[in-house]
J.: 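Could you have a look at this structure, given as structure tokens, before my questions?
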Amino acid sequence: MSETRSDGELLRAIAADADRRAFEELYRRYAPWLRARLRGRCADVGVVDDVVQETFLAVWRGKARYREDGDVAGWLWRIGSRRLVDALRGDGARGRLRQALARLRHRDEASAEERVLAGVEHGDLAGALVRLSPELRAVLQATVIDGLTTREAAVLLGIPPGTVKTRAMRARKQLREALA
């Protein structure tokens, strides 16, 4: 009798008992999805594979804390996307240390990313973003949500840095007009 456990049950088993089977089930459930989503942001398969491994390693070691009220896929995406940004910047462990220290200093404050995402989900911003062309949305995603520099976004998107700047400027202008 094989009963499928919920995501929350798996995460509780991993955190409380270091349950290897629960971890393997969570990995099988989400690693392919996370890998595919990260591949949309980075063409380097090796970097993506490393980021997926680091993401699940953080879960296994308890370095990433899951809040019971959140979506597991979204939580894993946040971990993975931050690790991808670190990898693309070349920061690696040094960047993660800076992030950890910043989180300790501002525990009770929502991050800028969380505030933007809340606005995207619940405000007029969502409609304005949907009306942007895919090219403009991709630049905003890379530079605003993912926090990449112009040069990093250019490498990620496969376009010149000048094009990133132009598209970001056009996207901001269109958003201002749509939200005014």
Side-chain angles (χ1 to χ4, degrees), residues 30 33-59 63-67 70-126 128-130 132-176 178-179:
Y30 286 103
W33 170 84
L34 183 60
R35 186 172 286 109
R37 185 129 189 235
L38 290 169
R39 287 277 293 135
R41 301 264 179 239
C42 178
D44 188 329
V45 176
V47 170
V48 169
D49 286 342
D50 288 347
V51 168
V52 170
Q53 292 288 354
E54 284 187 35
T55 299
F56 282 93
L57 192 58
V59 171
K63 306 262 187 217
R65 302 271 186 246
Y66 174 70
R67 291 185 306 222
D71 173 52
V72 173
W75 175 68
L76 289 169
W77 169 246
R78 282 190 301 277
I79 298 167
S81 64
R82 288 176 182 151
R83 297 260 189 296
L84 179 62
V85 168
D86 286 349
L88 292 174
R89 286 184 176 160
D91 285 319
R94 189 178 53 222
R96 285 191 298 280
L97 177 60
R98 271 197 305 269
Q99 284 181 339
L101 290 172
R103 278 194 301 276
L104 287 174
R105 274 193 298 261
H106 306 290
R107 274 189 190 172
D108 296 331
E109 295 178 24
S111 71
E113 179 181 339
E114 289 169 337
R115 289 192 301 264
V116 168
L117 290 175
V120 168
E121 292 173 359
H122 304 293
D124 292 337
L125 185 56
L129 284 171
V130 168
L132 289 177
S133 70
E135 295 83 13
L136 297 182
R137 264 196 319 272
V139 167
L140 279 183
Q141 173 72 40
T143 58
V144 176
I145 303 294
D146 295 342
L148 299 179
T149 66
T150 300
R151 184 176 300 156
E152 292 164 344
V155 170
L156 179 69
L157 299 170
I159 58 177
T163 304
V164 170
K165 290 178 183 179
T166 302
R167 288 181 183 175
M169 187 173 56
R170 283 182 30 221
R172 284 191 299 271
K173 181 180 181 223
Q174 287 181 19
L175 286 175
R176 272 194 301 274
L179 297 172

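Here the structure is a predicted model, which is why all the values come from computation and not from measurement.
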J.: Taking all atoms of both residues into account, what is the closest heavy-atom pair of Arg83 and Ala58, and its distance?
T.: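 Smallest interatomic distance, heavy atoms only, reads NH2-CB, 3.2 Å.
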J.: Quick one, Leu175 and Leu140 - any side-chain contact, counting heavy atoms below 4.5 Å?
T.: yes
J.: To the nearest 0.5 angstrom, please state how far the OG atom of Ser81 sits from the CZ atom of Arg78.
T.: 8.5 Å
J.: Assess whether side-chain contact (heavy atoms from CB on, under 4.5 Å) is satisfied between Leu76 and Phe56, documenting all intermediate values.
T.: CA-CA 8 Å; Leu76 289 169; Phe56 282 93; 4.2 Å; yes
J.: Give, for atom CG of Leu38 and atom CG of Asp44, the distance between the pair rounded to the nearest 0.5 Å.
T.: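 The CG atom of Leu38 sits 12.0 Å away from the CG atom of Asp44.
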J.: How many angstroms lie between OG1 in Thr166 and CD1 in Ile159, if you round to the nearest 0.5 Å?
T.: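 Thr166 atom OG1 to Ile159 atom CD1 measures 9.0 Å (nearest 0.5 Å).
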J.: What are the two closest non-hydrogen atoms of Ala153 and Thr143, and how far apart are they?
T.: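 Looking at all heavy atoms of both residues, the closest pair is CB-CG2, 3.9 Å.
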J.: Could you tell me which non-hydrogen atom of Ala87 sits nearest to which non-hydrogen atom of Val47, and how far apart they are?
T.: CB-CG1, 3.9 Å
J.: Nearest 0.5 Å please: distance from the CD atom of Glu54 over to the CD1 atom of Ile79.
T.: 11.5 Å
J.: Kindly compute the distance separating CZ (Arg167) from OG1 (Thr150), expressed to the nearest 0.5 Å.
T.: 13.0 Å
J.: How far apart are the closest heavy atoms of Ala142 and Leu157, and which atoms are they?
T.: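 Shortest heavy-atom contact: CB-CD1, 4.4 Å.
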J.: I need the minimum non-hydrogen distance between Ala73 and Trp33, along with the two atoms involved.
T.: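 Between these two residues, the closest heavy atoms are O-CH2, 3.4 Å.
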J.: What are the two closest non-hydrogen atoms of Ala171 and Leu136, and how far apart are they?
T.: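 Closest approach of Ala171 to Leu136: CB-CB, 4.0 Å.
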J.: At what distance, to the nearest 0.5 angstrom, does CZ of Arg37 lie from CZ of Arg35?
T.: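 Going from CZ on Arg37 over to CZ on Arg35, the span is 15.0 Å.
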J.: Begin from the C-alpha positions of Val139 and Arg170 and carry the test side-chain contact (heavy atoms from CB on, under 4.5 Å) through to its verdict.
T.: CA-CA 10 Å; Val139 167; Arg170 283 182 30 221; over 6 Å; no
